Number of protein chains: 2
Amino acid sequence: MSTRLEVWAPDGLPEIAPGDDLVGLLAGVLRDDPLVDGDVLVLTSKVVSKAEGRVVPADDREQAITDETVRVVATREHAGGITRIVENRLGLVMAAAGVDASNTPEGTVLLLPVDPDASARRIRAGLSDAFGVRIGVVITDTAGRPWRQGVADIAIGAAGLVVLDDLRGQVDSFGRPLVMTQAAVADEIASAGELVKGKAEGRPLAVVRGLGHLVTDDDGPGARVLVRLGADDMFQQGSAEAYSQGWKDALREQP
Amino acid sequence: MSTRLEVWAPDGLPEIAPGDDLVGLLAGVLRDDPLVDGDVLVLTSKVVSKAEGRVVPADDREQAITDETVRVVATREHAGGITRIVENRLGLVMAAAGVDASNTPEGTVLLLPVDPDASARRIRAGLSDAFGVRIGVVITDTAGRPWRQGVADIAIGAAGLVVLDDLRGQVDSFGRPLVMTQAAVADEIASAGELVKGKAEGRPLAVVRGLGHLVTDDDGPGARVLVRLGADDMFQQGSAEAYSQGWKDALREQP
């Protein structure tokens with residue numbers, strides 16, 4: 001199976017306000033170069049949050065981070081304050097819980113969508129209707145990564161798309177079973193989209209054409225299945241936090 | 001700046017053996033659809049390792065992992081043995097130090113290239129000469145990620161390419177400075193390439209066309225600058241390992 005991708009970022013989406021008909025606005029922007037069967041739409045979560053009214057006053061930013069936090073993973077003091085790496089209610093481990101102050105109206109910060117998988121399903125249904133084709137939708141956010149400099153986009157919502165490409169049963173070029181069995185293709189699609197969207201240019205969407213083999217008839221499991229926490233998570237706490245906890249517990253156990 | 005990417009995986013690279021002229025073989029495969037100025041070649045590290053003779057007997061796999069390890073980050077027992085997440089000599093934190101048993105001849109495992117940035121520079125020089133154009137080269141490997149299911153490709157070598165796209169000085173659509181200032185574009189290019197290369201099909205290279213603005217005249221810093229370790233690394237040890245260390249140190253400090 002030979003694949004050729006085209007990835008581009010349509011211009012012209014206006015600034016989104018709470019209550020805007022996001023599907024209608026997206027359909028308008030996409031009309032010049034209409035979606036075809038098997039296309040994947042990559043959309044920055046920011047515009048979804050704005051349409052869903054997930055805007056809070058910037059003065060409440062620290063409280064908003066606290067409200068979005070399920071569990072603190074690590075904290076680090078720096079010149080500008082304290083960075084909190086936390087698990088948020090979506091199961092995403094992110095700095096500031098994903099609460100974002102860029103590309104938002106002055107004096108406000110944005111929360112992530114309430115349920116990005118549900119948002120992706122709605123957008124998929126609306127655009128599939130508008131263009132009469134079967135598409136996939138990925139909603140992205142930008143995240144830091146342990147051990148790597150720089151940020152990269154990941155999938156926080158998805159619909160109509162294989163999210164984890166399960167390679168079990170496939171063999172390598174020597175006929176042996178593949179060991180690394182699940183490719184996080186939704187994250188890779190998010191990253192590919194980011195290369196054309198950029199962060200500064202005000203183009204919050206990209207179309208990826210050529211991945212029709214990953215587009216599904218049903219909505220599929222969504223990006224939620226990309227979350228790995230609990231027993232499988234070897235990095236539940238930052239090293240300093242875990243070390244400190246071990247120290248405290250040892251003293252408490254002492255007779 | 002509007003960007004349109006094309007990404008495809010040329011067919012026909014033969015199985016690579018130690019000492020093969022990798023640049024010559026790549027040039028042959030790319031001849032039908034020649035590289036143009038600003039193209040980025042994405043190449044799986046496996047073929048580089050093979051050409052460089054980085055093959056060891058599978059019986060020595062555990063020893064090879066030990067030899068490649070600078071520091072153990074976390075270990076986890078499971079049914080098949082013990083997974084070691086380690087920092088390897090390239091500064092990459094990976095399961096099994098990046099020592100790989102898939103797509104290698106029976107009875108052998110592959111080590112990562114000795115210096116993937118140097119390999120990328122050689123391939124860039126050779127292919128730039130062969131096609132008379134300025135290109136970027138990314139050498140990839142597949143890595144797991146904390147908190148995320150599935151694996152994704154990252155850049156472990158690079159030449160002729162902006163690796164971290166520094167957005168400092170740029171502003172968002174409201175005119176305010178961007179906060180997340182460095183995009184790990186080399187990793188995002190690795191991920192985009194993986195979407196067309198795949199792991200099973202024996203096509204270990206991809207061409208990304210349309211990122212000429214990221215291709216540089218000089219070799220640039222290489223993928224090494226994507227490594228974030230030391231004081232900036234909040235996940236130097238797995239939680240269990242750090243907890244255990246804290247416990248032990250507390251007991252040792254007790255009078």
Side-chain angles (χ1 to χ4, degrees), chain A residues 2-9 11 74 76 93 101-103 105-106 142 145-152 164 167 170 172-174 178-180 182-185 187-188 191-192 194-196 199-200 202 225-226 228-229 233-239 242-247 249-251 254, chain B residues 2-9 11 74 76 93 101-103 105-106 142 145-152 164 167 170 172-174 178-180 182-185 187-188 191-192 194-196 199-200 202 225-226 228-229 233-239 242-247 249-251 254:
Chain A
S2 186
T3 303
R4 182 177 286 256
L5 297 189
E6 285 182 276
V7 190
W8 70 96
D11 273 316
R76 176 73 51 109
V93 178
S102 64
N103 285 301
E106 190 66 38
T142 302
R145 301 93 40 92
W147 317 315
R148 303 291 284 167
Q149 296 287 0
V151 294
L164 282 166
L167 306 173
Q170 292 193 48
D172 68 19
S173 50
F174 291 87
L178 284 166
V179 177
M180 288 181 162
Q182 293 196 306
V185 287
D187 282 339
E188 295 187 318
S191 286
E194 211 281 319
L195 289 169
V196 299
K199 298 196 188 315
V225 298
L226 288 165
R228 179 172 62 179
L229 295 173
D233 177 10
M234 295 161 84
F235 301 93
Q236 299 189 11
Q237 285 189 295
S239 307
Y243 181 92
S244 167
Q245 189 66 48
W247 184 292
D249 288 354
L251 296 188
Q254 283 306 293
Chain B
S2 184
T3 303
R4 182 177 284 256
L5 297 190
E6 283 183 277
V7 190
W8 70 95
D11 273 316
R76 175 71 54 107
V93 178
S102 64
N103 286 301
E106 191 64 38
T142 302
R145 303 91 42 90
W147 317 315
R148 303 292 283 168
Q149 296 287 0
V151 294
L164 283 166
L167 306 173
Q170 292 194 48
D172 67 20
S173 49
F174 291 87
L178 283 167
V179 177
M180 289 182 162
Q182 293 196 307
V185 287
D187 282 339
E188 295 188 317
S191 287
E194 211 280 319
L195 289 169
V196 299
K199 300 198 188 314
V225 298
L226 288 165
R228 178 172 62 178
L229 295 173
D233 178 11
M234 295 161 82
F235 300 93
Q236 299 190 13
Q237 284 189 297
S239 307
Y243 181 92
S244 167
Q245 189 66 49
W247 184 293
D249 287 356
L251 296 188
Q254 283 306 293

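Quick note on labels: first sequence line is chain A, next is B, and so on, each numbered from 1. From a predicted model like this one, the values you see are computed outputs, not experimental measurements.
Comparing B/A184, B/G238, B/S244 by how many heavy-atom pairs each has under 4.5 Å with chain A, the most go to B/A184. When each of B/R76, B/E6, B/M234, B/R148 is scored by its heavy-atom pairs under 4.5 Å with chain A, the top score falls to B/R148. Most heavy-atom pairs under 4.5 Å with chain A, from the set B/V185, B/L164, B/V225, B/D187: that is B/D187. Options A/G150, A/A192, A/P146 differ in how many heavy-atom pairs under 4.5 Å they form with chain B, and the most are formed by A/P146.
Between A/W147 and B/F235, the closest heavy-atom pair is NE1-O, 2.9 Å. Between A/W8 and B/R4, the shortest heavy-atom distance links the atoms CE3-NH1, 3.5 Å.
A donor-acceptor distance shorter than 3.5 angstrom exists from the side chain of B/R228 to the backbone of A/R145, with no hydrogens or angles considered. In terms of modelled atom types and a separation under 3.5 Å, the side chain of A/S239 and the main chain of B/Q236 share a donor-acceptor contact.
Of the two parts of A/L226, the backbone and the side chain both hold a non-hydrogen atom closer than 4.5 Å to a non-hydrogen atom of chain B. Of the two parts of B/L195, the backbone and the side chain both hold a non-hydrogen atom closer than 4.5 Å to a non-hydrogen atom of chain A. For B/L229, the part lying under 4.5 angstrom from a heavy atom of chain A is the side chain only. Heavy atoms closer than 4.5 Å to chain B are found in both the backbone and the side chain of A/D249.
A/L5 has its side chain out of reach of B/L5: every pair of non-hydrogen atoms, C-beta onward, lies at least 4.5 Å apart.
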